[in-house]
Each structure stands twice: as structure tokens, then as C-alpha cells.
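Remarks on the structure that follows.
In each ligand, atom 1 is the first atom listed, and ligand 1 is the first ligand listed. Quick caveat, the model's predicted, so the values are computed rather than measured. Values below: every heavy atom of this structure, side chains too, minus hydrogens, waters and symmetry copies.
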Amino acid sequence: MTPRIGVLALQGDVREHMHALAACGAEPVAVRRATELAAVDGLVLPGGESTAISKLLEVFELLEPLRQRLREGMPAYGSCAGMILLANEVLDTRPDMHTLNGIDMTVRRNAFGRQVDSFETDLEFTGLDDGPVRAVFIRAPWVERAGADVEVLARVPSGPAAGTIVAVRQGNVMATSFHPEVTGDLRVHRLFVETLVRPRAGV
Ligand code: GLN
């Protein structure tokens, strides 16, 4: 079965995710309206500007349909701004920003501060055994609190932010602070596509 995976296409690096998904054998579909959302098996929320995407979710009347599909268990993967949107609590954001409550976590926007505003590092990623993942952080968030049912998949290995949580999964919803779609390493996308082909039991 070829899963149809939507990429939320309101703002951000949509094209890179579409390419990565296609390269993993999925059928990528741009999602801008509720009818398109209804027709996909899973959804990628790309990086970009989370407050802008939040506003556009409202304008395009996608907010409630998306919350509904997440409640019903649709697999989703959010990168950077996408991670922020999937959280149930966001720090350092606008008071009117919407959250999708896909993962029980508190995320801080633009968390790494000026010194390491944007940076790259290699990190160990649970579930990916064949070597570390090159992680590109661009004005990235971090996970400040991960709920009891949230599995931590990766942390920053060293430097001033050592130990910080930067990849998580709860059920079939996954999020990373960084952008695997820009490195050509398809393993994170493949891991997500796997959850559609073989949903994780008991979640
Ligand atoms: N700083 C952005 C935000 O708050 C996220 C950056 C990104 O997605 N690369 O939405």
C-alpha cells in the first residue's frame, strides 16, 4: 500500500518535505483545505513560522478539522514550526497562537538563543540504528517538558544546550526541532512513513 501523506502547505518549506516523502515511497499531497485533509492518511507539518501557520490554519478553516483528525489518531510529523504547532503548550509565543494538542509537551519557541540561533550537530536518534543523524536547527524550538506518555527520541549531545530534548513521539505523532528534509538523509521521514504502513500497536 502506498500511503497518501499530506504536507500542510500554508507556509514554510513544503516542497522539501514533498520530495523527501516521495523518495520514501509515499504519495505526497499538498494540503490547504479541509477536503484535502480528509483525503490523506497522515500529515507532515513543515518548518516555517509557527504563528503565521497558526493564523493561516484559522483563515483556511483547517484548525478544527486538523484537531479532530489528530484526536482520531491520524499519524503526523512536525518539523520545527510543525513541532511547535503539535504541542499542547507553547512558551515565548503570541497569546493568540493556536495549538493542535498532538503531543503532550511544552515547547519553547526560538529557544536556543542568539549564540546558537542556527546550528548543526550529529545526534543519536532512537529507532535509527545506522549512525547519527545530521540535525540542522534554524531558530529552532526545544521541548521543555515531555509528558509521561511521550517518548524522547533525541537530545542535543554536547555544547551549551547539551541534554535538551529535540525529537519526541507520542503514539503515531512525531516531532523534531530540526529539519531532516534539508540534508538528504531520509531516515526520519522513512520512520514516519513506517508508522503509516504499520501503525504502532496499542496507541
Ligand atoms: N522560529 C520559528 C517559529 O517560531 C520556527 C523556525 C523554523 O521552522 N525553522 O515558528
Side-chain angles (χ1 to χ4, degrees), residues 5-21 28 30-32 42-60 62-63 66-67 70 76-123 125 133-146 153-156 159-161 164-169 173-189 191-192:
I5 303 186
V7 179
L8 186 65
L10 302 177
Q11 193 264 341
D13 65 339
V14 174
R15 208 174 337 159
E16 290 81 351
H17 283 286
M18 305 267 285
H19 285 150
L21 291 169
V31 168
R32 284 188 200 85
L43 186 72
V44 170
L45 295 96
E49 225 307 313
S50 54
T51 59
I53 298 173
S54 159
K55 184 77 203 152
L56 291 167
L57 282 171
E58 200 182 305
V59 172
F60 282 73
L62 273 170
L63 188 60
L66 186 43
R67 283 181 174 152
L70 288 167
Y77 165 51
S79 152
C80 204
M83 168 190 258
I84 298 169
L85 289 159
L86 284 172
N88 59 358
E89 189 184 19
V90 181
L91 305 175
D92 286 344
T93 190
R94 294 166 52 113
D96 61 351
M97 188 182 143
H98 303 295
T99 52
L100 296 168
N101 308 323
I103 297 180
D104 175 22
M105 62 177 171
T106 304
V107 164
R108 187 177 293 279
R109 284 180 68 225
N110 305 330
F112 288 92
R114 285 195 156 185
Q115 301 294 325
V116 285
D117 203 342
S118 296
F119 67 105
E120 297 185 24
T121 190
D122 290 323
L123 39 83
F125 197 107
V133 171
R134 185 80 183 154
V136 177
F137 296 84
I138 305 165
R139 291 180 59 73
W142 68 36
V143 178
E144 207 147 303
R145 177 195 63 86
L153 300 178
R155 295 175 185 266
V156 175
T164 300
I165 301 170
V166 290
V168 290
R169 176 166 58 194
V173 182
M174 195 169 95
T176 62
S177 303
F178 54 90
H179 292 268
E181 73 280 9
V182 301
T183 59
D185 182 345
L186 294 172
R187 288 178 295 162
V188 173
H189 286 83
L191 192 64
F192 176 58

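- Considering backbone and side-chain N/O atoms, I138 comes within less than 3.5 Å of an N/O atom of ligand 1.
- For ligand 1, the atoms sitting less than 4.0 Å from at least one non-hydrogen atom of R109 are 3 (C), 4 (O), numbered in the order shown with element in parentheses.
- Results of the side-chain contact (heavy atoms from CB on, under 4.5 Å) test with D13 over P46, S79, C80 single out P46 as the only residue that passes.
- You'll find the side chain of L191 reaches within 4.5 Å of the side chain of M174, heavy atoms only.
- Between F192 and I5, some side-chain heavy-atom pair lies under the 4.5 Å cut-off.
- Taking distance alone, with nitrogen or oxygen atoms compared against 3.5 Å, R139 approaches ligand 1 more closely than that limit.
- Look at R108 and D92 and you find a salt bridge, because one of the NZ, NE, NH1 or NH2 atoms lies within 4.0 Å of a carboxylate O, short of that distance.
- Salt bridge R139/E49: absent, no basic N to carboxylate O contact under 4.0 Å.
- The closest protein non-hydrogen atom to atom 7 (C) of ligand 1 is C80 SG, 2.8 Å.
- Contact atoms of ligand 1 toward N110: 1 (N), 2 (C), 4 (O) (distance under 4.0 Å to a heavy atom of the residue).
- Ligand-side atoms of ligand 1 in range of I84: 3 (C), 4 (O), 10 (O), range being under 4.0 angstrom from any heavy atom.
- Using a 4.5 Å heavy-atom threshold, the side chains of M18 and V44 count as separate.
- Proximity annotation for atom 5 (C) of ligand 1: of G48, A140, G47, S50, G48 comes nearest, heavy atoms only.
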